[in-house]
Amino acid sequence: MKSDLLDFAKFIEAQRRLIQDTEVQLSSILEEHRKYKSLVEMDKGEIQLVMGYYEERMAQAEVRNYFIGAVIGIITSIIASWLYGQLPAFREKLKNRRIN
């Protein structure tokens, strides 16, 4: 019985040391967590700032691209109208070449 009580006391002491070691490890992990959490939250703010700037630039580029597309469309339409106007003269030249 005495040896059983001694074994039980040794077991209790080993478990107490294990709990203390675990508490030390846990406090170390919690400290790291606090350190990285503030870093991550700071980075979130910076990322939001960069994303806001990027969205603003994309909106400006979208408007610019819209106007560039409109100008190209107008120029293309003018060129097509001019070519269509030149078509009868071109047909006349072809007809004259076939006759000669």
Side-chain donor/acceptor of Ser28 to backbone N/O of Val24, under 3.5 Å: no

Beyond-backbone contact of Glu46 with Val50, side-chain heavy atoms, under 4.5 angstrom: no

Value rounded to 0.5 Å, distance of CE in Met58 from CD in Glu55: 10.0 Å

Contacts under 3.5 angstrom, residues 59-80 side chains, donor-acceptor by atom type, not counting sequence neighbours:
{"residue": "Asn65", "atom": "ND2", "partner": "Ala61", "partner atom": "O", "Å": "3.3"}
{"residue": "Thr76", "atom": "OG1", "partner": "Ile72", "partner atom": "O", "Å": "2.7"}

Straight-line distance of Leu26 CG to Ile19 CD1, nearest 0.5 Å: 12.5 Å

Nearest-0.5 Å distance, CG of residue Leu18 to CZ of residue Arg16: 11.5 Å

Candidate pair Lys10 and Glu13, rule salt bridge (Lys or Arg N to Asp or Glu O under 4.0 Å), full reasoning: CA-CA 5 Å; Lys10 288 178 185 177; Glu13 184 61 30; over 6 Å; no

Spacing of Gln86 atom CD and Ser81 atom OG [to the nearest 0.5 Å]: 11.5 Å

Pairwise side-chain contact, Arg34 with Glu31, heavy-atom cut-off 4.5 Å (strictly under): yes

Nearest-0.5 Å distance that lies between atom OG1 in Thr22 and atom CD in Gln15: 9.5 Å

Crowding at CZ, Arg57 (>12 non-hydrogen neighbours, <6.0 Å): no

